[in-house]
Amino acid sequence: MTATSESRPPVPPFTRETAAQKVRMAEDGWNSRDPARVALAYTVDSAWRNRAEFLSGREAIAEFLRRKWARELDYRLIKELWAFAEARIAVRFAYEWHDDSGNWFRSYGNENWEFDEQGLMRRRIASINDLPIQEADRQYRWPLGRRPDTHPGLSELDL
């Protein structure tokens, strides 16, 4: 357990409402594509598995995110609450991006999150698959940054 004076409400134990709020806050952070800002949502010793990569700590997370967003251009993400209990949240997500050759992808995945008492994520386990798509098949066309509240979520898009 990490002792910290930082707090990131909402904190566990989660209700459906606070778990959904936590998911949207995470989505908004990732859509900022600001590695330093996103890393602050995790404990200083947070443990990650992202695909086949294992990370530990905020610095490693921020460096991972810098590499990710340098490679995954025009990144736009939607997350959706799947399940929750006490200090854990399960999320499904999909994001669209293109590489530096203009090839578009929709990446689908699931994440399992565990939080400390301060609401910081101490564990993140992510499984992700990439699907090549045509530019015309994109569904995430809002301006870069936060997804507008009026834009449909994953269920509404049938993703």
Side-chain angles (χ1 to χ4, degrees), residues 6-42 46 48-51 53 55 58 61-85 87-115 119-159:
E6 301 171 14
S7 183
R8 190 73 131 191
V11 300
F14 296 112
T15 64
R16 178 167 299 287
E17 179 182 334
T18 60
Q21 180 183 2
K22 200 72 156 174
V23 171
R24 181 59 192 240
M25 290 170 65
E27 176 187 313
D28 291 349
W30 281 64
N31 277 327
S32 77
R33 296 177 333 280
D34 180 341
R37 173 184 168 197
V38 173
L40 291 175
Y42 302 91
S46 186
W48 274 32
R49 180 180 59 76
N50 193 88
R51 301 177 192 249
E53 191 168 352
L55 308 168
R58 282 186 182 158
I61 291 167
E63 178 54 34
F64 167 85
L65 293 171
R66 280 190 282 281
R67 288 190 325 266
K68 172 185 180 63
W69 291 321
R71 185 181 65 251
E72 297 178 355
L73 306 174
D74 290 325
Y75 175 97
R76 290 171 178 85
L77 165 73
I78 299 177
K79 292 183 181 280
E80 184 174 279
L81 176 64
W82 188 254
F84 70 96
R88 292 182 173 169
I89 297 175
V91 174
R92 69 187 199 97
F93 63 87
Y95 59 92
E96 293 181 350
W97 58 281
H98 68 85
D99 62 19
D100 59 3
S101 297
N103 299 304
W104 280 92
F105 299 86
R106 185 175 302 122
S107 299
Y108 296 94
N110 300 291
E111 293 175 317
N112 296 313
W113 300 342
E114 183 177 58
F115 295 87
L120 295 168
M121 195 181 303
R122 66 176 155 215
R123 183 175 306 156
R124 175 183 175 267
I125 302 166
S127 299
I128 307 166
N129 298 298
D130 302 318
L131 174 70
I133 62 172
Q134 297 299 310
E135 196 284 336
D137 294 329
R138 291 177 49 215
Q139 296 191 43
Y140 301 0
R141 295 184 180 272
W142 66 84
L144 287 175
R146 186 179 194 277
R147 174 173 56 100
D149 291 336
T150 57
H151 191 283
L154 294 178
S155 292
E156 293 84 7
L157 292 169
D158 201 27
L159 295 177

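Computed over heavy atoms, backbone and side chain alike; hydrogens, waters and symmetry mates excluded.
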Inset, instruction - Applying salt bridge (Lys or Arg N to Asp or Glu O under 4.0 Å), name anything that partners Arg51, two or more places apart in sequence or on another chain. - result: Asp130
Legend entry - All side chain to side chain contact (heavy atoms under 4.5 Å, CB included) counterparts of Leu159, not counting sequence neighbours: Arg106, Tyr108, Gln139, Tyr140, Leu154, Leu157
Inset, instruction - To the nearest 0.5 Å, tell me how far Glu80 CD sits from Glu156 CD. - result: 7.0 Å
Legend entry - By salt bridge (Lys or Arg N to Asp or Glu O under 4.0 Å) - contacts of Glu72 (at least two apart): Lys68
Inset, instruction - Write down the atom of Ala19, the atom of Phe14, and the distance for their closest heavy-atom approach. - result: CB-CB, 4.1 Å
Inset, instruction - Using side chain to side chain contact (heavy atoms under 4.5 Å, CB included) as the criterion, list what pairs up with Ala41, not counting sequence neighbours. - result: Arg8
Inset, instruction - Go through the structure and list residues passing side chain to side chain donor-acceptor pair (under 3.5 Å) with Arg124, not counting sequence neighbours. - result: Asn50, Glu111
Inset, instruction - Only counting residues at least two apart or in another chain, list the ones meeting side chain to side chain contact (heavy atoms under 4.5 Å, CB included) with Asp34. - result: Ser32, Ala36, Arg37
Inset, instruction - With sequence neighbours left out, write down each residue that passes salt bridge (Lys or Arg N to Asp or Glu O under 4.0 Å) with Arg66, or none if nothing qualifies. - result: Glu63
Inset, instruction - Using side chain to side chain donor-acceptor pair (under 3.5 Å) as the criterion, list what pairs up with Trp30, not counting sequence neighbours. - result: Tyr42
Legend entry - Results of side chain to side chain donor-acceptor pair (under 3.5 Å) for Thr150 - residues two or more places apart only: none
Inset, instruction - Not counting sequence neighbours, which residues clear salt bridge (Lys or Arg N to Asp or Glu O under 4.0 Å) with Arg24? List them please. - result: Glu27, Asp28, Asp149
Legend entry - Residue pairs fulfilling salt bridge (Lys or Arg N to Asp or Glu O under 4.0 Å) with at least one residue in residues 9-23, sequence neighbours excluded: none
Inset, instruction - Could you tell me which residues satisfy side chain to side chain donor-acceptor pair (under 3.5 Å) with His151, sequence neighbours excluded, listed by chain and number? - result: none
